[in-house]
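One structure is given below, encoded as structure tokens.
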Amino acid sequence: MPDPSPMPAEPKHLTDLIDYQTDSVVSRTLLKTPGGTLTLFAFAQGQGLSEHSTPHEAAILVLDGSARVTVGGAEHRADSGEYLSLPAGVPHALHADEPFKMLLAMLRQPTS
């Protein structure tokens, strides 16, 4: 379902569009189309996502803080300003070592 409050057509600081909440993971969908989604996430320190995979290519852009991201069994530290690719079908997980914000781009392949 599309976000009922579309983003205004003016520049915004991504980190200002989502707030941290104690002991929580917060998300906000910025864009949802048949081709994919852009979703902001804010993780409180110690929060994360358990290992999972998706059939879609994805990428994260770290906006604030740092996290440990495991992709295909290899652990990486992702810090503010860095980008990390998440290949389709490859298991990945995330653990926020400190308060952490990211933008997730999920890219769907067209169905034939």
Next on the checklist: Checking Glu98 now: which residues fulfil side-chain hydrogen bond (donor to acceptor under 3.5 Å, both in side chains) with it, not counting sequence neighbours?
Outcome noted: Ser66
Closest approach of [X] to [Y] (non-hydrogen atoms, all atoms of both residues):
{"X": "Ala93", "Y": "Ser50", "result": "CB-C, 4.0 Å"}
{"X": "Met102", "Y": "Leu94", "result": "SD-CD1, 3.8 Å"}
{"X": "Arg28", "Y": "Leu17", "result": "NH1-O, 3.1 Å"}

Checklist entry - Listed by chain and number, what are the ring pair (Phe, Tyr, Trp, His ring centres under 6.0 Å) partners of His92, not counting sequence neighbours? => result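 Counting only residues at least two positions away or on another chain, His92 forms a ring pair (Phe, Tyr, Trp, His ring centres under 6.0 Å) with His52.
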Item to check | Set of residues satisfying ring pair (Phe, Tyr, Trp, His ring centres under 6.0 Å) with respect to His13, sequence neighbours excluded | outcome: none
Checklist entry - Okay, side chain of Arg68, backbone of Ala96: is any donor-acceptor separation there less than 3.5 Å? => result no
Item to check | Pairs where residues 58-78 contributes a residue and the test ring pair (Phe, Tyr, Trp, His ring centres under 6.0 Å) is met, not counting sequence neighbours | outcome: none
Item to check | Side-chain touch Ile60/Leu86, heavy atoms, less than 4.5 angstrom | outcome: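 Yes, close enough: below the 4.5 Å cut-off.
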Would a hydrophobic clustering, with Ile, Leu, Val, Met, Phe, Trp and Tyr connected at side-chain separations under 4.5 Å, put [X] with [Y]?
{"X": "Val62", "Y": "Leu103", "result": "no"}
{"X": "Tyr83", "Y": "Leu107", "result": "no"}
{"X": "Val26", "Y": "Leu49", "result": "no"}
{"X": "Leu61", "Y": "Phe100", "result": "no"}

Show me, pair by pair, the donor-acceptor contacts under 3.5 angstrom made by side chains of residues 34-47, not counting sequence neighbours?
from: Gln45; atom 1: NE2; to: Asp97; atom 2: O; distance (Å): 3.3

Checklist entry - Roughly how far, to the nearest 0.5 Å, is the CE atom of Met106 from the OG1 atom of Thr33? => result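 With rounding to 0.5 Å, OG1 (Thr33) is 12.0 Å from CE (Met106).
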Checklist entry - Run the side-chain contact (heavy atoms from CB on, under 4.5 Å) check on Leu30 and Leu14 step by step: do they pass? => result CA-CA 10 Å; Leu30 300 180; Leu14 291 173; 3.8 Å; yes
Next on the checklist: Enumerate the side-chain hydrogen bond (donor to acceptor under 3.5 Å, both in side chains) contacts for residues 17-26, please, sequence neighbours excluded, ordered by first and then second residue.
Outcome noted: Tyr20-Asp64
Next on the checklist: Before you tell me yes or no, could you show the steps for Val71 and Leu84 under side-chain contact (heavy atoms from CB on, under 4.5 Å), namely the whole-Å CA-CA distance, both residues' side-chain angles and the distance that decides it to 0.1 Å?
Outcome noted: CA-CA 9 Å; Val71 182; Leu84 186 64; 4.2 Å; yes
